[in-house]
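I have placed the structure first, in the form of structure tokens, so that the comments after it can refer back to it.
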Amino acid sequence: MSSALEQGVESAPAPPARSLPRRRARVLALPEVRWALASLTLFLAALPLDLLGAPAWTWGPLFAATYVTGGWEPGWEGLKALKDRTLDVDLLMVVAALGAAAVGQVLDGALLIVIFATSGALEAVATARTADSVRGLLGLAPATATRLLPDGGEETVGAGELRPGDTVLVRPGERIGADGRVLAGESDVDQATITGEPLPVSRQAGDEVFAGTVNGTGALRVRVERDPADSVIARIVKMVEEASETKAPTQLFIEKIEQRYSLGMVIATLAVFAVPLAFGSDPRSALLRAMTFMIVASPCAVVLSTMPPLLSAIANAGRHGVLAKSAVVMERLGQTDTVALDKTGTLTEGTPRVTDTYALPGAGLTEEALLTLAAAAEHPSEHPLARAVVDAARERNLPLPDATAFTSAPGQGVSATVDGHVVQVGSPARLRPHVTGPARALVRELEGAGRTAVLVLRDGVPAGVIGVADRLRPDAAATVAALTGLTGRPPVLLTGDNEKAARHLAGQVGITDVRAGLLPQDKVAAVRQWESEGRTVLVVGDGVNDAPALAAAHSGIAMGKAGSDLALETADAVVVRDELATVPAVIALSRTARRLVTQNLVIAGLFITVLVVWDLVGTLPLPLGVAGHEGSTVVVGLNGLRLLRETAWRTPCPAAPPEHTGQALHADPAPASPR
């Protein structure tokens, strides 16, 4: 079946400059889906009539319509291929179906048509969704930008009209219109779409910013340094398209096998019909022998050798929260020998949490009182660190007093008056003059343990320190161990986060190969390097920045709970329930499915060989040939259905989290980025 992936992505029109592209194509808008649905409906209408022995005029036209609606497109494509002197399985399946009908096996032929039409529809849907997600990514970049004029004035222009050297004004809450460098101003910028960092990062004069990232509470003047067509977001789109195209060699190999098999089947069938005629056999007998040969040599059993194990594996994985997008995906996952894991949102939950609360001696506060003060001051703030502090107070059911005179300084923290006291909560680096004595020791202890330290001041005096971290998933260590056992090597950590945070987390879960501070193109480069070494790479991620690597890898799995739309569409499989331990489980399930596929191919090949030899050497009665052919399909089908059993799914047990010092609210956290 010809691949539509190249058509779906390459022919996708660029979205209008001033409007967001439509996110999803309607499923029924795809002609392949409409024809397959029509074919399936007609088949289901005819099936009970045929099985109940109704007159042929009731079910015959329905089956004929099934052949036409489901078979005209692959048949037409096969006929066009003949013009290029090539044969493929599409045409062979149509011929086999017609051959079955010619000898009275109308039901078998119709079922074969329906299977192929449905397969083509699923491929078309997957292709359309991938193309939609690529187009939708362009919507991350704003449609317009505010360009500053030499005379100090402003003008609103399309983001696509910006050129290197232009200066743009980015107001609070706006998306940055182009890749560039900050000239003036200071703000927190949410760069999760590019780097995957869970928290906004402070950006000031001299720092680089990217198109599509979201500005925080400050205003920035940015000098454009790249043409919009060369921005990081635009390069991500291009890399997804290119990586999708690199999967074509596998398709080309399959087409070569299809052509050889198809050519052999045509020649053999003609020979089975012509040779007896040459030796004086009557035409009807020769035709019956040839049609019997067509039936018993039909690849139906071979097709079913592959699909039941893989579809059963897909169903089993789906029950456990893993959505594999096709049977091809389920087969590929079992070939994995190298796993690359993203950090934020994959090994970690992607949400910062309070892990430690320390009230300083002499402050006269308990830990709960310290957390109450900090949460009251942080309550009006929308910063992720502030939400983490407020959530921790709510988890302890602490009543929060009202805060007045609230102010927020980008990259520094907040200040508010709580119960008559001026409370400041922020980064120790920004409040450095106050970090002395015990406070400095606590900050060093927390940062040395990989936490983000938040200093709390009351009336200008240090009152305590709060540790915040992005919590490690409870099943992360067990998952890494299971993946190591399956592939023979520990997974690799690929992350856009900083080196210190990445290595701290990697040490907790048993990962030794850490690649930190990576942009999307760096992740793709790592994947392609491994593949050039002959490795079969699986990438597990969740963000837009992971999408190119997910597409470039042999297989990609996205974490579904917080996964970006592009990552979910680009990935071959999605962990819907966000359980990391299902990744090694689905790899193991895929390997079992591949073993059953091999068993089924041997069984199907044995049946076909015996029946074909019988038909050629002796006289194989048509009913016995049909029984043998259908019997082989039943055997391989039942063998494949074994993977529906609950025992076929094995999830590694989470390891007990190690203990650590300090008044921790959560165990085994990964450090969060400071504000």
Side-chain angles (χ1 to χ4, degrees), residues 188 190-192 196-202 216 343-345 347-360 365 367-396 398 400 408-415 423-431 434-435 439-457 462-474 495 497-498 500-502 504-505 508 562 657 660-675:
D188 293 327
D190 183 354
Q191 298 189 149
E197 290 184 286
L199 298 175
V201 295
S202 177
K343 171 182 170 288
T344 304
L347 281 176
T348 69
E349 295 180 347
T351 303
R353 308 267 186 153
V354 170
T355 59
D356 307 84
T357 53
Y358 293 98
L360 291 172
L365 296 174
E367 290 175 1
E368 290 192 348
L370 173 69
L371 188 58
T372 299
L373 273 183
E378 294 271 31
H379 188 265
S381 175
E382 291 299 321
H383 195 281
L385 282 181
R387 290 197 295 270
V389 173
V390 174
D391 289 344
R394 287 174 174 168
E395 287 175 5
R396 294 188 177 190
L398 301 178
L400 301 184
S408 176
Q412 297 184 25
V414 303
S415 176
V423 179
Q424 294 174 270
V425 185
S427 167
R430 299 293 184 178
L431 303 174
H434 303 281
V435 185
R440 178 183 296 143
L442 285 175
V443 168
R444 288 178 177 174
E445 179 184 345
L446 289 173
E447 292 181 346
R451 321 284 205 278
T452 295
V454 177
L455 183 64
V456 182
L457 305 181
V465 181
I466 296 175
V468 180
D470 182 8
R471 187 166 61 179
L472 186 68
R473 292 183 186 274
T495 178
D497 213 343
N498 65 79
K500 182 178 180 181
H504 180 84
L505 178 137
Q508 290 180 324
H660 61 82
T661 59
Q663 302 298 318
L665 302 180
H666 302 284
D668 260 0
S673 302
R675 60 178 160 186

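No hydrogens, no waters, no symmetry mates; every other heavy atom, side chains included, goes into these values.
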Show the nearest heavy-atom pair for residues [X] and [Y], with the distance to one decimal.
{"X": "Leu505", "Y": "Leu472", "result": "CD1-CD1, 3.6 Å"}
{"X": "Ala453", "Y": "Val443", "result": "CB-CG1, 4.1 Å"}
{"X": "Leu365", "Y": "Ala463", "result": "CD1-CB, 3.8 Å"}
{"X": "Ala393", "Y": "Leu400", "result": "CB-CD2, 4.0 Å"}
{"X": "Val468", "Y": "Pro352", "result": "CG1-CB, 3.7 Å"}
{"X": "Val414", "Y": "Ser381", "result": "CG1-CB, 4.1 Å"}

Distance, nearest 0.5 Å, that separates [atom1] of [X] from [atom2] of [Y]:
{"X": "Leu455", "Y": "Arg440", "atom1": "CG", "atom2": "CZ", "answer": "11.5 Å"}
{"X": "Arg394", "Y": "Arg387", "atom1": "CZ", "atom2": "CZ", "answer": "11.5 Å"}
{"X": "Leu446", "Y": "Ile466", "atom1": "CG", "atom2": "CD1", "answer": "10.0 Å"}
{"X": "Leu442", "Y": "Thr357", "atom1": "CG", "atom2": "OG1", "answer": "11.0 Å"}
{"X": "Thr372", "Y": "Leu398", "atom1": "OG1", "atom2": "CG", "answer": "4.0 Å"}

Margin query: Out of the candidates Val425, Val456, Leu371, only one should pair with Val389 under the side-chain contact (heavy atoms from CB on, under 4.5 Å) rule; please name it.
Written below: Leu371
